[in-house]
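Notes follow once the structure below has been shown.
Just so you know, these numbers come straight off a predicted model, no measurement behind them.
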Amino acid sequence: MEQLQTWWELFWGFFVANVLGYGGGPASIPLMQEEVVNHYGWMTNEQFGDVLAIGNALPGPIATKIAAFVGYQVASWPGFIIATFATVVPSAAALILLLSLLNKYRTSNVVKGMTLLVQPVIAVLMILLTWEMGLVSIDTINVWQTLIIAAIALFILTKTKIHPAFVILIAFAYGAIVLSHTIV
């Protein structure tokens, strides 16, 4: 019975995060973090940040990768399948339905207004997620290294044509080196 409850919680947590995550994976990440870390306690903020970093470095949709990893961590292969299903199927069904409606009413001021007004909410959610991940980074490596890494990443991403995945991988490797020296 407990296993069924865990499966239901996995389904519901990822279903809610992805149904309410208007705008795709990046918009649903803060909602996933809320469910995974704060609501169900399956991971800490630090662990979620690690999953987010690895997921960003790999190809494919970020929401699906987070769901698959967390689902597997919580309930092995059934959890993997349930969390991935809860992430993909509702979005695909909603996409088909909404695109047909949006296509029908694409010139409507209501549809244009809805699309424009939800963007600030997504921006705030992303800022909050960035803040929480920044605090984890400060706690882990310290404020100066966090600021230096952020400044270097900002410079590389805005002034060069290096793909963001490579910047993430470099920071990931740097973090592994720094943490391996502090643990030893």
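A distance-only check finds no donor-acceptor pair linking the side chain of Thr64 to the backbone of Gly60 [under 3.5 Å]. Side-chain atoms of Gln47 come within 3.5 Å of backbone atoms of Thr44 as a donor-acceptor pair (strictly under, hydrogens ignored). In this structure, the side chain of Ser108 engages the main chain of Val110 through a donor-acceptor pair within 3.5 Å. In terms of modelled atom types and a separation under 3.5 Å, the side chain of Lys65 and the main chain of Asn56 share no donor-acceptor contact. Side chain of Thr130 to backbone of Met126: a donor-acceptor contact under 3.5 angstrom is found. A donor-acceptor pair under 3.5 Å is absent between the side-chain atoms of Ser137 and the main chain of Met133, judged by distance alone. Under a 3.5 Å cut-off, the side chain of Thr84 and the backbone N or O of Ile81 do not form any donor-acceptor pair.
Criterion: ILVMFWY side-chain heavy atoms under 4.5 Å apart, direct or through other members. Under it, Tyr72 and Val51 are not part of a common hydrophobic cluster. Side-chain heavy atoms closer than 4.5 Å link hydrophobic residues (I, L, V, M, F, W, Y) into clusters, and following such links, even through other members, never connects Val136 to Val37. Phe85 is not connected to Trp77 by any chain of hydrophobic side-chain contacts under 4.5 Å among Ile, Leu, Val, Met, Phe, Trp and Tyr, and they are in different clusters. By the criterion of side-chain heavy atoms lying less than 4.5 angstrom apart, applied directly or through intervening Ile, Leu, Val, Met, Phe, Trp or Tyr residues, Met43 is grouped together with Val16 in one hydrophobic cluster. In the hydrophobic cluster analysis, where Ile, Leu, Val, Met, Phe, Trp and Tyr join through side-chain heavy atoms closer than 4.5 angstrom, Phe80 is grouped apart from Ile62.
Nearest heavy atoms, Ala153 versus Val167: CB-CG1, 3.9 Å. What you find for Gly13 and Tyr40 is that their closest heavy atoms are CA-CE1, 4.0 Å. Taking all atoms of both residues into account, the shortest heavy-atom contact from Gln145 to Ile141 is NE2-O, 3.5 Å. Of all the heavy atoms in Leu116 and Pro120, the pair that sits closest is O-CD, 3.4 Å. Across all their heavy atoms, Leu157 and Pro164 have their closest contact at CD2-CA, 3.7 Å. Ala63 and Ser28 make their closest contact through CB-OG, 3.8 Å (heavy atoms, listed as atom of the first residue, atom of the second, distance).
Classified by interplanar angle (parallel below 30°, tilted 30° to 60°, perpendicular above 60°), the ring pair Phe15/Phe11 is parallel. Using bins of under 30°, 30° to 60° and over 60° for the plane-to-plane angle, the ring pair Trp42/Phe14 lands in the parallel bin.
Between Gln33 and Asn38, some side-chain heavy-atom pair lies under the 4.5 Å cut-off. Residues Gln3 and Trp8 fail the side-chain proximity criterion, which asks for heavy atoms closer than 4.5 Å. For the pair Met32 and Phe48, the minimum side-chain heavy-atom distance is below 4.5 Å. Using a 4.5 Å heavy-atom threshold, the side chains of Thr6 and Val74 count as touching.
The structure places CG of Asn18 at 4.5 Å from OG1 of Thr87, a figure rounded to the nearest 0.5 Å. Atom CG of Leu169 and atom CD1 of Ile162 lie 12.0 Å apart (nearest 0.5 Å). The CG atom of Leu52 lies 5.0 Å from the CD1 atom of Ile66; values are rounded to the nearest 0.5 Å. In this structure, Leu125 CG and Glu34 CD are separated by 10.0 Å, a value rounded to the nearest 0.5 Å. Considering CG of Leu154 and CG of Leu147, their distance stands at 12.0 Å, rounded to 0.5 Å.
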- request: Assess whether side chain to side chain contact (heavy atoms under 4.5 Å, CB included) is satisfied between His39 and Trp12, documenting all intermediate values.
  value: CA-CA 12 Å; His39 188 246; Trp12 188 248; over 6 Å; no
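Residue pairs meeting the ring-ring contact (aromatic ring centres under 6.0 Å, His included) criterion with at least one member in residues 138-174, sequence neighbours excluded, do not occur.
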